Amino acid sequence: MSRTYSEAFLIELHKANPHRAGTALALACVKANLPAKYVAVALDVTRMTVFSWFRGKPIRHKNLLKVETFTDLVESDTAKGLLPARTTAAAKTYIEEMIGRAI
């Protein structure tokens, strides 16, 4: 089972600028209960890259559109009630359906 987001990370996240793409991504993923390792697969980057973005590191232009699109989709699905994922398996299934392949 994937580790949940730490309390220290969540406190830091709520102090961060919500207008930054990485922070918006992190807020959407936490609210949707999507583990960073599955988000990394969906965005075709490493888990460490995702955590760097979550913590405010810059996002390269080539990845920015993917991040913004992913964030918008997750926020939309959360508003529709499709998320948050209740289990890690549900989160994995959600990402697999999103990207169209097994992970």
Side-chain angles (χ1 to χ4, degrees):
M1 185 164 142
S2 295
R3 292 174 42 190
T4 58
Y5 296 105
S6 72
E7 186 175 330
F9 170 73
L10 295 174
I11 290 169
E12 182 183 322
L13 179 61
H14 288 288
K15 293 178 183 177
N17 180 354
H19 300 291
R20 294 187 58 96
T23 304
L25 174 65
L27 289 168
C29 291
V30 167
K31 187 173 182 179
N33 198 27
L34 296 175
K37 73 179 192 177
Y38 298 142
V39 174
V41 171
L43 296 173
D44 198 28
V45 296
T46 66
R47 183 179 56 84
M48 291 304 297
T49 298
V50 170
F51 273 111
S52 293
W53 294 341
F54 282 3
R55 296 186 185 279
K57 299 292 183 191
I59 301 173
R60 289 185 180 166
H61 183 72
K62 70 177 187 171
N63 291 319
L64 188 57
L65 182 59
K66 287 193 293 187
V67 168
E68 290 172 341
T69 303
F70 181 86
T71 302
D72 289 344
L73 182 58
V74 169
E75 288 173 346
S76 173
D77 287 347
T78 301
K80 291 176 187 173
L82 300 173
L83 294 170
R86 303 212 188 293
T87 64
T88 304
K92 182 179 178 185
T93 300
Y94 174 80
I95 296 294
E96 288 175 338
E97 289 174 0
M98 177 190 287
I99 63 173
R101 64 180 167 87
I103 53 175

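Please read all numbers here as calculations on a predicted model, not as lab measurements. Numbers for residues simply follow the sequence, beginning at 1.
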Only counting residues at least two apart or in another chain, list the ones meeting side-chain hydrogen bond (donor to acceptor under 3.5 Å, both in side chains) with Ser52.
none
Could you list the donor-acceptor pairs under 3.5 angstrom formed by side chains in residues 23-34, with sequence neighbours left out?
from	atom 1	to	atom 2	distance (Å)
Thr23	OG1	Asn17	O	3.2
Asn33	ND2	Ala85	O	2.7

If you group Ile, Leu, Val, Met, Phe, Trp and Tyr by side-chain heavy-atom gaps below 4.5 Å, do Val39 and Leu65 land in one group?
no
Only counting residues at least two apart or in another chain, list the ones meeting side-chain hydrogen bond (donor to acceptor under 3.5 Å, both in side chains) with Thr71.
none
Mind checking whether Asp72 and Glu75 have side chains closer than 4.5 Å, heavy atoms only?
yes
Any non-hydrogen side-chain atom of Lys37 less than 4.5 Å from a side-chain atom of Val41?
no
side-chain hydrogen bond (donor to acceptor under 3.5 Å, both in side chains) with Arg55: which residues, sequence neighbours excluded?
Glu12
From CA spacing to verdict: side chain to side chain contact (heavy atoms under 4.5 Å, CB included), Leu83, Val74:
CA-CA 8 Å; Leu83 294 170; Val74 169; 4.0 Å; yes
I'd like to check the ring-ring contact (aromatic ring centres under 6.0 Å, His included) partners of Phe51; sequence neighbours left out, ordered by chain and number.
Phe54
Pairs under 3.5 angstrom only: tabulate donor-acceptor contacts from the side chains of residues 91-103 to other protein residues two or more places apart or in another chain.
from	atom 1	to	atom 2	distance (Å)
Lys92	NZ	Ile103	O	3.3
Thr93	OG1	Ala89	O	2.9
Tyr94	OH	Asp77	OD2	2.6
Glu96	OE2	Ile103	N	3.0

Is it true that Leu73 and Leu64 fall in one hydrophobic cluster, defined by side-chain heavy atoms closer than 4.5 Å?
yes
Work out which heavy atom in Val50 is nearest to a heavy atom in Ala36; give both atom names and the distance.
CG1-CB, 4.1 Å
Any side-chain heavy-atom pair from Leu13 and Tyr5 closer than 4.5 angstrom?
no
Using a 6.0 Å cut-off, check whether atom NZ of Lys66 has over 12 heavy atoms from anything other than its own residue.
yes
